[in-house]
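A short write-up of the structure that comes next.
A quick note: this is a predicted structure, and the numbers were derived from the prediction, not measured.
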Amino acid sequence: MPAVKISGAESQIMEALWAQGPLTPDGVVGAVGEAHGWAPGTVKTLITRLLRKGAIEGRREETGYLYRPLISRADYVQSESQGLVDRLFGGEVAPLVAHFAEHRALTGRDIKLLKSLIAKLEDDE
């Protein structure tokens, strides 16, 4: 599926559907509305945008009208992270890791995970 541009607000709807979905319209409002200070109309506008983009579908079922994602969270994360690397780091991952290492305090766990990942990648060569 081609990459679908999802805004930050729309991503909150997607997160609710990935975690809890499928959800009724009221279920989506309940999952994200109050937490973000959004009125039901705002949530329904975001749902409409996602429907038009083909990121979610809505369907009447026996239990009522339900929304479900058409894009997996893994595909969305892959697309967004690749876009970030391409835009900010010229498509190279090493400068991204270096940036985080220099500008965020990496925990011992972070360093251990990075070392493990590097060792695995070296073993796969």
(message) How long is the straight-line distance from CZ of Arg104 back to CG of Asp110, given to the nearest 0.5 Å?
(response) 8.0 Å
(request) Answer whether the closest heavy-atom distance between the side chains of Leu23 and Gln20 falls below 4.5 Å. (result) yes
(request) Verify the neighbour count for atom CZ of Arg73: are there more than 12 heavy atoms of other residues, nucleotides or ligands below 6.0 Å? (result) no
(request) Establish whether Leu66 and Leu17 are linked, either directly or via other cluster members, by ILVMFWY side-chain heavy-atom contacts under 4.5 Å. (result) no
(message) Under 4.5 Å between side-chain heavy atoms, counting indirect links through other Ile/Leu/Val/Met/Phe/Trp/Tyr residues: same cluster for Leu96 and Leu88 or not?
(response) yes
(request) Give a yes or no on whether Phe100 and Leu113 share a hydrophobic cluster (residues Ile, Leu, Val, Met, Phe, Trp, Tyr; joining criterion: side-chain heavy atoms under 4.5 Å apart). (result) no
(message) Quick check: closest heavy atoms across Lys5 and Glu10, and the distance to 0.1 Å?
(response) O-OE1, 4.0 Å
(message) To the closest 0.5 Å, what do you measure between CD1 (Ile13) and CG (Leu46)?
(response) 5.0 Å
(request) Enumerate the residue pairs fulfilling side chain to side chain donor-acceptor pair (under 3.5 Å) with a member in residues 29-52, sequence neighbours excluded, ordered by first and then second residue. (result) Gln12-His36
(request) Can you measure from NZ (Lys115) to CD1 (Ile118) and round to the nearest 0.5 angstrom? (result) 9.0 Å
(message) So, taking the atom named CD in Gln78 and the one named CG in Asp75, what distance separates them when rounded to the nearest 0.5 Å?
(response) 8.0 Å
(request) Output every pair passing side chain to side chain donor-acceptor pair (under 3.5 Å) with a member in residues 80-102, not counting sequence neighbours, ordered by first then second residue. (result) Gln82-Asp86
(request) Taking all heavy atoms of Val93 and all of Val85, pick out the closest pair and write down the distance. (result) N-CG1, 4.3 Å
(message) Going by ring pair (Phe, Tyr, Trp, His ring centres under 6.0 Å), name the pairs with one or both residues in residues 68-88, residues two or more places apart or in two chains.
(response) Trp18-Tyr76
(request) Search all heavy atoms of Val32 against all heavy atoms of Ala16 and return the closest pair with its distance. (result) CG1-CB, 3.8 Å
(message) Side-chain heavy atoms nearer than 4.5 Å, only ILVMFWY residues, links allowed to pass through others: does that put Leu84 and Ile6 together?
(response) no
(message) Quick check for you: to the nearest 0.5 Å, what is the distance between Ser7 atom OG and Leu50 atom CG?
(response) 7.0 Å
(request) To the nearest 0.5 angstrom, please state how far the CG atom of Leu106 sits from the CG atom of Leu114. (result) 6.5 Å
(request) Considering non-hydrogen atoms only, spot the tightest contact between Pro25 and Tyr67 and give its length. (result) CG-CE1, 3.6 Å
(request) Compare every heavy atom of Val4 with every heavy atom of Lys53, then report the nearest pair and how far apart it is. (result) CB-CG1, 3.7 Å
(request) Return the minimal non-hydrogen interatomic distance between Met14 and Ala55, and the atom names on each side. (result) CE-O, 3.7 Å
